[in-house]
Amino acid sequence: MAMEYIVIPTINRNIGLIAISKHVLEAITRYTIEEEDTWYLGPATPFHQPVTCKVVNNKLSIVLDIRLKYGVNVNSSCEQIQRKIQQMIEQMTDIKCNDIKINVVGFLF
């Protein structure tokens with residue numbers, strides 16, 4: 001399995017390189033989803049995980065499978081999730097997330 005990572009630009013290029021693995025970004029995303037009680041990660045299978053981070057040309061994109069609590073507004077919840085994930089990743093790593101796609105895979109009653 002190839003290790004995908006994103007490079008963080010540093011002020012002084014002479015002192016080294018800082019890179020963050022995509023698995024760290026997936027963990028931050030999971031943590032953000034688990035903080036709320038109206039959003040839940042979708043089911044994981046051996047061949048599919050509910051959180052997928054991809055790094056292409058040093059740009060980050062995230063795909064989420066989530067389940068929402070029955071009765072919540074889907075559009076506003078998805079916008080809220082996108083904002084919160086973007087804020088958490090930016091605060092923790094100083095990386096701007098280019099794309100966050102959310103697949104609503106079900107509802108919890």
To the nearest 0.5 Å, atom CD of Q82 lies from atom CD1 of I102 at 4.5 Å
Testing I85, N103, V104 one by one against L64 for a side chain to side chain contact (heavy atoms under 4.5 Å, CB included), which residue passes? I85
Any pair counted as salt bridge (Lys or Arg N to Asp or Glu O under 4.0 Å), so long as it reaches residues 93-109, sequence neighbours left out: E90-K96, D99-K101
Who pairs with E34 by salt bridge (Lys or Arg N to Asp or Glu O under 4.0 Å), at least two apart in sequence or on another chain? none
Pick from I28, T29, L25: which one makes a side chain to side chain contact (heavy atoms under 4.5 Å, CB included) with I62? T29
Roughly how far, to the nearest 0.5 Å, is the CD1 atom of I6 from the CG atom of L60? 5.0 Å
Cluster partners of V63, using ILVMFWY side-chain heavy atoms under 4.5 angstrom, listed by chain and number? none
Enter the distance from C53:SG to E26:CD here, rounded to the nearest 0.5 Å. 4.5 Å
Is it true that M92 and I18 fall in one hydrophobic cluster, defined by side-chain heavy atoms closer than 4.5 Å? yes
Validation row: R67, V105 side chains within 4.5 angstrom (heavy atoms): yes
Hydrophobic clustering (ILVMFWY, side-chain heavy atoms < 4.5 Å, transitive) - are L108 and I66 grouped together? no
What closest approach, in Å, do Y5 and A19 show between heavy atoms, and which atom pair accounts for it? CD1-CB, 3.3 Å
Can I get a per-line list of side-chain donor-acceptor pairs under 3.5 Å for residues 40-52, giving both atom names and the distance, sequence neighbours left out?
{"from": "Y40", "atom 1": "OH", "to": "D37", "atom 2": "O", "distance (Å)": "2.7"}
{"from": "T45", "atom 1": "OG1", "to": "H48", "atom 2": "N", "distance (Å)": "3.0"}
{"from": "T45", "atom 1": "OG1", "to": "H48", "atom 2": "O", "distance (Å)": "3.4"}
{"from": "H48", "atom 1": "NE2", "to": "D65", "atom 2": "OD2", "distance (Å)": "2.4"}
{"from": "Q49", "atom 1": "NE2", "to": "T45", "atom 2": "O", "distance (Å)": "3.4"}

To the nearest 0.5 Å, atom CD of Q87 lies from atom SG of C97 at 12.5 Å
Taking side chain to side chain contact (heavy atoms under 4.5 Å, CB included) as the definition, give me every residue that meets it alongside E35, ordered by chain and number, with sequence neighbours left out. Y31, K84, M88
Which pairs of donor and acceptor atoms, one on a side chain in residues 68-80, lie under 3.5 Å apart (sequence neighbours left out)?
{"from": "N73", "atom 1": "OD1", "to": "N75", "atom 2": "N", "distance (Å)": "3.1"}
{"from": "S76", "atom 1": "OG", "to": "N73", "atom 2": "O", "distance (Å)": "3.4"}
{"from": "S77", "atom 1": "OG", "to": "N73", "atom 2": "O", "distance (Å)": "2.8"}

One should read off an interatomic distance between I81 CD1 and I100 CD1, to the nearest 0.5 angstrom, of 10.0 Å
